[in-house]
Colleague: 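First the structure, which I've put down as structure tokens, then a few questions once you've had a look.
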Amino acid sequence: MPPHKKEYGIKRASGSLVHFRPSVSATTVRRHSAVVPSVLTFAVIVASGGLLLMIEKGMLNSVQTPPPRANGKKVENRPRHIDAESQIVQEIRNRTIRSMCGQKNMPHSLWSLSPLQRKTLLQHILVNDEHRFLYCYVPKVACSNWKRMLKVLSGALANVDVKVKMDHRADLVFLSDFPPEEIRHRLRHYFKFMFVREPMARLLSAYRNKFGEIKAYQRKYGADIIRRYRKGYAKDKKIAGNDVTFTEFVRYLLDEDPERMNEHWMPIYNLCQPCAIEYDFIGSYERLESDAAYVLERVGVPQHVRFPERQTWYKPVTKETLHYYLCTVPQKFLKELLPKYILDFSLFGYPLPNTTTEFCRH
């Protein structure tokens, strides 16, 4: 009698189980080329998800917690913008990252990364020497507004409200611009921060923006996706690429190497390497206003310089919108997609989405 294939699962906060069945096919090997966490990782996911649910229900309001840590040391004189709930979220993230990043198979410094990983990371860390901070930008997590802030601080823009098309390279200083010794100095002495976002909401935001509004992405990626995943279009050379479905986009992501993805849908872990870099603060898109205010005050930005407001044309990804799009994707594809972003869920304390048939009926 042939042995049964081993199944792995992760419990959601609701109690249901998401199963991941390993396969030995070449396609699966390619699809699961990302680092796969150990059983300890899955335990951390359950714990962090449960704690965040407790926060939402106000069950931790009376709990006394230590302040967020920076490189393992308590940070003194926290600015007033860091509130009790933010402290709890930061402490959960810090403990989770320390537990998971302490595993032997995880990188422990910038120099332990592969050349490709190190190149990606250094090209995503922006530098401000005057205020001595490093910011790892993540596309679709308010990075355009942060870049606008850096340009104001450098004098390239008069203020954050200037009407100008964002150039994502000009007038910005990247950590990749420096030699190794100067990189080490800044990593050792500068305040380091990044911002994260619920992984599936970030993917949906990228999908709606790039394939719904940006013709360059429609031509470069959209047309190719349609040829690869839509029946009868493999040889069609006149595809505009402006009607890619979310399911087609998910199938495309399944066949992509996470380390070589476009930055707009590359996992946050691969972009900012939180195990290799000890970030002093990891803010949330979901708490953008208060977390951004804290960072600006922490690095000593002048009071008259404020974080930009969201643009009037911005289309938010609501819980209802995300639920609708996820439920249009066959569950077999979602079960393959989640492991590619599992470190984004687990490290940053986001519970896995509920996409059961029963939940999607509602």
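Not measured: the values here are computed from a predicted model.
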Colleague: Is a donor on one side and an acceptor on the other found under 3.5 Å between the side chain of Ser346 and the backbone of Ile342?
Modeller: yes
Colleague: Is atom OH of Tyr233 surrounded by more than 12 heavy atoms (other residues, nucleotides or ligands) closer than 6.0 Å?
Modeller: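 Count not over threshold, so no.
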Colleague: If you compare all heavy atoms of Asp291 against all heavy atoms of Gly283, which two are closest, and at what distance to 0.1 Å?
Modeller: OD2-CA, 3.5 Å
Colleague: For the pair Glu182 (side chain) and Pro179 (backbone), establish whether a donor and an acceptor sit closer than 3.5 Å, ignoring hydrogens and angles.
Modeller: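 No; zero donor-acceptor contacts below 3.5 Å.
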Colleague: Considering non-hydrogen atoms only, spot the tightest contact between Gln123 and Tyr137 and give its length.
Modeller: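 Looks like O-CE2, 3.7 Å.
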Colleague: Could you go through the ring pair (Phe, Tyr, Trp, His ring centres under 6.0 Å) check for Phe211 and Phe249 one step at a time?
Modeller: CA-CA 9 Å; Phe211 299 111; Phe249 177 55; 5.4 Å; yes
Colleague: Determine whether Val173 and Asn128 make a side-chain contact, defined as any pair of heavy atoms from C-beta on separated by less than 4.5 Å.
Modeller: no
Colleague: Answer with yes or no after comparing the ring centroid distance for Phe193 and Tyr279 against a 6.0 Å cut-off, counting only values under it.
Modeller: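 No, too far apart.
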Colleague: Could you measure the distance from the CD1 atom of Ile183 to the CG atom of Leu122? Nearest 0.5 Å is fine.
Modeller: 5.0 Å
Colleague: So does Pro258 get a backbone contact from the side chain of Lys340, meaning a donor-acceptor N/O pair under 3.5 Å?
Modeller: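 No.
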Colleague: I'd like to check Ile277 versus Met194 (side-chain heavy atoms, cut-off strictly below 4.5 Å). Are they in contact?
Modeller: no
Colleague: Between Val196 and Leu347, is any pair of side-chain heavy atoms under 4.5 Å apart?
Modeller: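 Val196 does not reach Leu347 side chain to side chain.
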Colleague: Can Arg95 and Glu91 be counted as an ion pair, charged N to O under 4.0 angstrom?
Modeller: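 Looking at Glu91 together with Arg95, the answer is yes, because their closest N to O distance falls below 4.0 Å.
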Colleague: Would you check if the distance from the ring center of Phe359 to the ring center of His323 is below 6.0 Å?
Modeller: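 Between Phe359 and His323, the centre distance is under 6.0 Å.
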Colleague: Can you check whether His185 and Phe178 have ring centres sitting under 6.0 Å from each other?
Modeller: no
Colleague: Judged by atom type as modelled, is there a donor-acceptor pair below 3.5 Å linking the side chain of Arg93 to the main-chain atoms of Phe348?
Modeller: yes
Colleague: Strictly distance-based, threshold 3.5 Å: is any side-chain N or O of Arg186 a donor or acceptor partner for the main-chain N or O of Arg132?
Modeller: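 Flag not set: sc Arg186 to bb Arg132 has no pair under 3.5 Å.
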Colleague: So does Leu113 get a backbone contact from the side chain of Arg118, meaning a donor-acceptor N/O pair under 3.5 Å?
Modeller: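 Here the side-chain-to-backbone pair exists.
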Colleague: With a 4.5 Å heavy-atom cut-off, do Tyr269 and Tyr341 have their side chains touching?
Modeller: no
Colleague: How close do Pro199 and Asp344 get, heavy atom to heavy atom, and via which atoms?
Modeller: CG-CB, 3.7 Å
Colleague: Could you measure the distance from the CG atom of Leu253 to the CD atom of Glu248? Nearest 0.5 Å is fine.
Modeller: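 Interatomic distance, Leu253 CG to Glu248 CD, rounded to 0.5 Å: 12.0 Å.
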Colleague: Can you tell me if His131 uses its side chain to pair, donor with acceptor, with the backbone of Asp129 under 3.5 Å?
Modeller: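 Answer holds: no.
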Colleague: Strictly below 4.0 Å, N to O, side chains only: are Asp161 and Arg306 in salt-bridge contact?
Modeller: yes
Colleague: Quick one: do Arg228 and Asp224 make a salt bridge, cutoff under 4.0 Å?
Modeller: yes
Colleague: Do Arg197 and Ser205 touch side chain to side chain, with heavy atoms closer than 4.5 Å?
Modeller: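 Sidechains of Ser205 and Arg197: in contact.
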Colleague: Quick check against the 3.5 Å criterion: does Glu286 have a side-chain atom that pairs as donor or acceptor with the backbone of Glu198?
Modeller: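 Checking the backbone N and O of Glu198 against the side chain of Glu286, a donor-acceptor pair under 3.5 Å is found.
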Colleague: I'd like to know if the side chain of Asn145 and the backbone of Phe307 have a donor-acceptor N/O pair within less than 3.5 Å.
Modeller: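 Between the backbone of Phe307 and the side chain of Asn145 there is no qualifying donor-acceptor contact (under 3.5 Å).
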Colleague: Are Arg184 and Glu181 within salt-bridge range, i.e. N to O under 4.0 Å?
Modeller: yes
Colleague: Does a side-chain heavy-atom distance below 4.5 Å link Cys143 with Val138?
Modeller: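 Answer no - side chains too far apart.
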Colleague: Would you say Asp280's side chain and Lys192's backbone share a donor-acceptor pair under 3.5 angstrom?
Modeller: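 Pair found, side chain donor or acceptor close to backbone of Lys192.
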Colleague: Do the non-hydrogen side-chain atoms of Met200 and Tyr325 ever get within less than 4.5 Å of each other?
Modeller: no
Colleague: Is the distance between the ring centroids of Phe195 and Trp146 under 6.0 Å?
Modeller: yes
Colleague: Would you confirm whether the ring centroid of Tyr350 sits within less than 6.0 angstrom of the ring centroid of Phe345?
Modeller: no
Colleague: Is there side-chain contact between Gln331 and Thr357, with heavy atoms separated by less than 4.5 Å?
Modeller: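 The answer is yes, as the side chains (C-beta and beyond) meet within the 4.5 Å cut-off.
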